[in-house]
Amino acid sequence: MYNNILVESNDQISRITINRPDQLNALNKETIAELHNALKEANGDPSIGVIILTGSGEKSFVAGADIKEFAHFSIAEGGQLAANGQQTLFSYIENLSTPVIAAVNGFALGGGLELAMCSHIRVASSNARMGLPEVSLGVIPGYGGTQRLAHLVGRGKANEMVFTAGMINADDALQWGLVNYVVEQSDLIAKAEEIAGKILKNSPMAISAAIRSINANYEDGVNGFDVEIEEFGKCFGTADFKEGTTAFLEKRKANFR
Ligand code: COA
């Protein structure tokens, strides 16, 4: 059904694999559209509690936006490319109600690192290399990279990565806070699933409220503390809250699904 991605679901986890290995999984327009559709479907599926995003092959997560596709673009087309991408994929992922774990299995460059950064949690394999090389092409990151990188690693390191267009290795990414864990490539999906397993024990309604509340801190003109108060209050009206508190009082494990 898709030309550029693979989708499989197991044990409440949807794994979406970007599958253009001969192009190092570069994001062309069609891949972005397919990712949007697959993410929308997984997010709307009540049997899915976590989404894992990864790349096919052992070399690359995603080596960026597809340079071959945009090399001839005009100013207007360039702006449209960034706007469409942010709306349909990058901001879209960040605001999903289902948590997304990026399993970074190799190069995460440009749009690839931006894809990892808009995911809620990042795990990398030890061979992963990350960077925002856009200025080496005469352009800047356009899928949220100039904003999200500084949130994760601080402005000084973000400036260095963007201005030098250099790549960092997985250990530096771990030390800088760009990824949460680094594991051997053969253990990458297992590590992402281990984190997913811990998430899946908890209330999906509360997790989606937490995503909205945490994201509010990064939205202009929005007071995150006010959003937290509102989301906190709304939790009290959910079946999950009833189940979670009842289970605690009955000294049993909560069963949210
Ligand atoms: N867009 C389009 N095609 C890409 C791509 C991208 N971002 N990244 C890699 N590819 C393609 C290559 O053009 C090549 O295709 P071809 O066989 O049809 O020529 C194929 O993927 C393999 O890449 P190649 O460059 O031969 O692999 P390598 O191991 O020598 O180098 C990289 C790997 C990641 C260092 C190199 O591919 C690269 O620098 N890619 C671009 C990274 C980038 O600037 N991303 C930001 C884009 S905004």
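Numbering starts at 1 and runs along the sequence shown. What you see below is based on every heavy atom in this structure, not just the backbone, and it leaves out hydrogens, waters and symmetry mates. None of the values given here were measured: they were computed from a predicted structure.
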Does anything in residues 81-105 pair up under salt bridge (Lys or Arg N to Asp or Glu O under 4.0 Å), and if so which pairs, sequence neighbours excluded? E94-R148

ring-ring contact (aromatic ring centres under 6.0 Å, His included) contacts touching residues 168-227 (sequence neighbours left out): H151-Y218

Are any non-hydrogen side-chain atoms of I5 and V7 less than 4.5 angstrom apart? yes

Given the rule that I, L, V, M, F, W and Y join up when any side-chain heavy atoms are under 4.5 Å apart, are F256 and L249 in one cluster? no

Under the side-chain contact (heavy atoms from CB on, under 4.5 Å) test, residues paired with E250 that sit two or more places apart: T246, R252

Quick one: list whatever passes side chain to side chain donor-acceptor pair (under 3.5 Å) with S213, sequence neighbours left out. none

Main-chain N/O of L89 paired to H36 side chain as donor or acceptor, under 3.5 Å: no

Counting distance only, does the side-chain N/O of D172 pair as donor-acceptor with the main-chain N or O of I168 below 3.5 Å? no

Is Y2 reachable from I48 through a run of I, L, V, M, F, W or Y residues, each pair having side-chain heavy atoms under 4.5 Å apart? yes

Would the distance check show the side chain of H120 and the main-chain N or O of P99 forming a donor-acceptor pair, the cut-off being under 3.5 Å? no

When you compare the side chain of E114 with that of Q86, does any pair of heavy atoms fall below 4.5 Å? no

Residues 228-236 side chain polar contacts: donor-acceptor under 3.5 Å, at least two apart:
unit_1: E231; atom_1: OE1; unit_2: R212; atom_2: NE; d: 3.3
unit_1: E231; atom_1: OE1; unit_2: R212; atom_2: NH2; d: 3.1
unit_1: E231; atom_1: OE2; unit_2: R212; atom_2: NE; d: 2.8

CG on L200 to CD on E193, rounded to 0.5 Å: 10.0 Å

Sorted by chain and number, sequence neighbours left out, side chain to side chain donor-acceptor pair (under 3.5 Å) with S14 holds for none

Does one side chain, of N127 or S125, offer a donor that lies under 3.5 Å from an acceptor on the other? yes

Sub-4.5 Å side-chain heavy-atom contact between V123 and L188: yes

Side chain to side chain donor-acceptor pair (under 3.5 Å) against R155, all qualifying residues, sequence neighbours excluded: none

Within the 4.5 Å heavy-atom criterion, are E58 and N105 side-chain neighbours or not? no

Taking the side chain from S119 and the backbone from L115, do they hold a donor-acceptor pair closer than 3.5 Å? yes

Could you pull out every donor-acceptor pair under 3.5 Å between side chains of residues 15-30 and any protein atom, sequence neighbours left out?
unit_1: N19; atom_1: OD1; unit_2: S56; atom_2: OG; d: 3.0
unit_1: R20; atom_1: NH1; unit_2: A26; atom_2: O; d: 2.7
unit_1: R20; atom_1: NH1; unit_2: D66; atom_2: OD2; d: 3.2
unit_1: R20; atom_1: NH2; unit_2: D66; atom_2: OD2; d: 3.4
unit_1: Q23; atom_1: OE1; unit_2: K68; atom_2: NZ; d: 2.5
unit_1: N25; atom_1: OD1; unit_2: R20; atom_2: N; d: 2.8
unit_1: N25; atom_1: ND2; unit_2: S56; atom_2: O; d: 3.1
unit_1: N25; atom_1: ND2; unit_2: S60; atom_2: O; d: 2.9
unit_1: N25; atom_1: ND2; unit_2: F61; atom_2: O; d: 3.2
unit_1: N28; atom_1: OD1; unit_2: T31; atom_2: N; d: 2.9
unit_1: N28; atom_1: OD1; unit_2: T31; atom_2: OG1; d: 2.4
unit_1: E30; atom_1: OE1; unit_2: N4; atom_2: ND2; d: 2.9
unit_1: E30; atom_1: OE2; unit_2: N3; atom_2: ND2; d: 2.9

Side-chain heavy atoms of T54 within contact of I101, under 4.5 Å: no

Side chains of N43 and V100: does their closest heavy-atom pair fall under 4.5 Å? no

Of all heavy-atom pairs between G131 and M161, which one has the smallest distance, and what is that distance? CA-CE, 3.9 Å

Any residue meeting ring pair (Phe, Tyr, Trp, His ring centres under 6.0 Å) with F107, in chain and number order, not counting sequence neighbours: none

Quick one: are N202 and D240 in side-chain contact, heavy atoms under 4.5 Å? no

Sequence-distant partners of V162, side-chain contact (heavy atoms from CB on, under 4.5 Å), two or more places apart: L132, V135, P141, L149

Looking at N223 and D226, would you say the former's side chain and the latter's main chain have a donor-acceptor pair under 3.5 Å? yes

Which residues pass the side chain to side chain donor-acceptor pair (under 3.5 Å) test with D45, sequence neighbours left out? S47

Among residues at least two apart in sequence or on other chains, which ones pass salt bridge (Lys or Arg N to Asp or Glu O under 4.0 Å) with K157? none

Side chains of I13 and I51: does their closest heavy-atom pair fall under 4.5 Å? no

Is there a donor-acceptor pair under 3.5 Å between the side chain of Q87 and the backbone N or O of Y92? no

